[in-house]
Amino acid sequence: MSSETGPLKATAAMWRCSRIMHLLRELRPTLLSALEAIADQMIWFRENWCEEVLRQLKHTLSRCQTLAFENSNNVSDAQTTVPVQNSLRRLVSTFGLGIESSSSISSTFSSAASESLTKRKLATSQDPVFQRLKAKFSRDFDFSLPNSTRLHNVIGKLKKWIRILESKMAVLPKSFLLEERCRFLNNFSLSNTEVELPGEFLSPKPLSYCIKIARFMPRVEIVRKCGISARRLFIRGHNGKVYPYLVTNDASLTDSRREERVLQLCRAMNVYFSKRKESCKRNLVFYVPKVVAVSPQMRLVEDNPTNLCLLDIFKQYCRQHDLDPDGPVTRFYERLAP
């Protein structure tokens, strides 16, 4: 800290948390070391630059479409807001390399992982295809040009780049092996230490009923589900069953924590339903997946590969009939801006 602001003063809550960590390290050193190592390995499940840019573009497109709907009476002359322009300028300056910055993760993850990510950032920046895409992206979102801030033009450019990045992602590998990136997870076994499945303690149950991690399965799938890109990690429990989890990158920390609070409410309501005769007769409960925050930007979410959301079903239908999934939305906004 600088001399003007002074040193950071630890609060009473920070002291209590520090005391709890020291007690845990003294009582269960092996378990705590294993948990820290597992959290460190999660850095290898981060999105690549293409997935990160695509997620930010879709988020910006959603904001622009909301703005267009609010200005539906005169959408042809509507202008983008300053926050949207600043978001696109920031994306132009960091285009695919901001998430690879090791300076933002060095305090959270191991130095070896940070060094590897720095090498990956350097290799990405030297890729000729990446350099051409970055130059075209900078030209398309140069707000110093005339009419470049018009909302209708920005929406068209966002859709263009979403199609470009989606076509690029379609040819990327759909899976990878743990031994190529995560040696600790690949070599982990129940004989090393007993670690429960993520989220086992979210619902009250006797300790003897908690399922422990026997090993991590060797193959990790790269999936796109509900409009996001994630890594599907398979964990075998000590009971022999395989439990899939999605490793997701959160776009907004506030939205993620709000979602977790809603899931906590649904979990509490399930307890109430279990005590009511009519709901028990019909087995009426909320499906509440287990969600565990690994870091401020990453979460482990319990997954079921057989589940499909309505958006995925609609996109699958459009692919089979050679239709554009965004066609109805596009025609709606074209009618607003003739």
Side-chain angles (χ1 to χ4, degrees), residues 17 20-21 24-25 28-47 105 108-110 113 175-176 178 181-223 225-226 228-250 253 255-268 270 285-307:
C17 290
I20 291 174
M21 291 300 297
L24 289 175
R25 198 173 296 277
R28 306 294 295 272
T30 306
L31 176 60
L32 195 61
S33 299
L35 291 175
E36 290 177 344
I38 292 175
D40 288 344
Q41 296 284 288
M42 289 297 108
I43 193 173
W44 298 111
F45 296 90
R46 292 171 64 92
E47 298 172 328
I105 60 176
T108 308
F109 298 101
S110 63
S175 64
F176 63 88
L178 270 181
R181 306 182 184 183
C182 311
R183 292 294 180 89
F184 179 83
L185 296 184
N186 186 63
N187 298 329
F188 182 89
S189 66
L190 187 61
S191 59
N192 297 337
T193 184
E194 294 185 356
V195 179
E196 285 74 16
L197 282 176
E200 274 296 283
F201 295 107
L202 290 177
S203 55
K205 64 177 71 175
L207 190 61
S208 58
Y209 285 90
C210 292
I211 302 173
K212 299 176 176 60
I213 299 176
R215 61 167 299 188
F216 293 89
M217 303 305 288
R219 184 170 296 277
V220 178
E221 296 179 353
I222 303 175
V223 298
K225 197 168 186 178
C226 300
I228 63 172
S229 297
R231 289 2 180 209
R232 181 179 286 146
L233 176 66
F234 295 93
I235 303 176
R236 183 179 295 278
H238 76 282
N239 58 353
K241 294 183 179 180
V242 177
Y243 298 87
Y245 283 83
L246 291 180
V247 185
T248 63
N249 294 262
D250 299 330
L253 181 62
D255 293 342
S256 302
R257 298 303 169 258
R258 186 185 299 116
E259 179 183 340
E260 292 173 12
R261 287 192 290 268
V262 173
L263 294 178
Q264 186 177 6
L265 174 62
C266 294
R267 197 175 291 112
N270 283 343
V285 292
F286 288 109
Y287 171 68
V288 186
K290 301 173 184 175
V291 179
V292 178
V294 181
S295 71
Q297 289 80 29
M298 299 185 71
R299 292 189 299 172
L300 279 170
V301 182
E302 186 183 21
D303 182 40
N304 187 350
T306 61
N307 286 352

> Quick one: side-chain hydrogen bond (donor to acceptor under 3.5 Å, both in side chains) partners of Arg25, sequence neighbours excluded?
Replying inline: Glu36

> Are any of the side-chain heavy atoms of Leu185 and Phe45 separated by less than 4.5 Å?
Replying inline: yes

> Side-chain contact, heavy-atom cut-off 4.5 Å: Trp44 with Arg231?
Replying inline: no

>> Side chains of Met21 and Leu32, heavy atoms from C-beta outward: is any pair under 4.5 Å?
In response: yes

>> List the residues meeting ring pair (Phe, Tyr, Trp, His ring centres under 6.0 Å) with Phe216, not counting sequence neighbours, and say none if there are none.
In response: Phe188

>> For a side-chain contact (heavy atoms from CB on, under 4.5 Å) check, start with the C-alpha distance between Asp40 and Phe184, then their side-chain angles and the critical distance, and finish with the verdict.
In response: CA-CA 10 Å; Asp40 288 344; Phe184 179 83; over 6 Å; no

> Which pair of heavy atoms, one from Arg46 and one from Asn249, lies closest together, and at what distance?
Replying inline: CA-OD1, 3.9 Å

>> Once side-chain contact (heavy atoms from CB on, under 4.5 Å) is applied, do any residues pair with Glu260, and if so which ones, sequence neighbours excluded?
In response: Arg257, Val291, Ala293, Arg299

> Given Ser175, which of Arg219, Glu221, Arg232 fulfils the side chain to side chain donor-acceptor pair (under 3.5 Å) condition?
Replying inline: Arg219

>> What's the separation between atom CG in Leu190 and atom CZ in Arg236, rounded to the nearest 0.5 Å?
In response: 13.0 Å

> Looking at Leu31 and Glu194, what are the two nearest heavy atoms and their distance?
Replying inline: CD1-O, 3.4 Å

>> Within the structure provided, determine whether Ile213 and Leu197 are in side-chain contact (heavy-atom separation under 4.5 Å).
In response: yes

> Given side chains that start at C-beta, do those of Arg181 and Val220 come closer than 4.5 Å, heavy atoms only?
Replying inline: no

> By side-chain contact (heavy atoms from CB on, under 4.5 Å), which residues pair with Ala230, not counting sequence neighbours?
Replying inline: Val223, Leu246, Thr248

> For Ser191, which residues count as a side-chain contact (heavy atoms from CB on, under 4.5 Å) partner, sequence neighbours excluded?
Replying inline: Ser189

>> Restricting to non-hydrogen atoms, name the atom on Val288 and the atom on Arg267 that form the minimum distance, rounded to 0.1 Å.
In response: CG1-NH2, 3.4 Å

>> Minimum heavy-atom separation for Pro198 and Val292, please, with both atom names.
In response: C-CG2, 3.8 Å

> Looking only at heavy atoms, what is the nearest atom pair of Lys225 and Asp303, with distance?
Replying inline: NZ-OD1, 2.6 Å

> Below 4.5 Å, heavy atoms only, C-beta onward: do Glu200 and Val195 meet side chain to side chain?
Replying inline: no

>> Measuring from atom SG of Cys182 to atom CG of Asn187, what distance do you get when rounded to the nearest 0.5 angstrom?
In response: 11.0 Å

> If you measure from CG on Asn270 to CZ on Phe286, what distance do you get to the nearest 0.5 Å?
Replying inline: 7.0 Å

> Who passes side-chain hydrogen bond (donor to acceptor under 3.5 Å, both in side chains) against Arg215, sequence neighbours left out?
Replying inline: none

> Are side-chain heavy atoms of Pro289 and Leu263 found at a separation under 4.5 Å?
Replying inline: yes

> Can you tell me how far CD1 of Ile38 sits from CG of Leu300, rounded to the nearest 0.5 angstrom?
Replying inline: 9.5 Å

> Taking atom CE of Met217 and atom CG of Asn186, what is their separation to the nearest 0.5 Å?
Replying inline: 11.0 Å

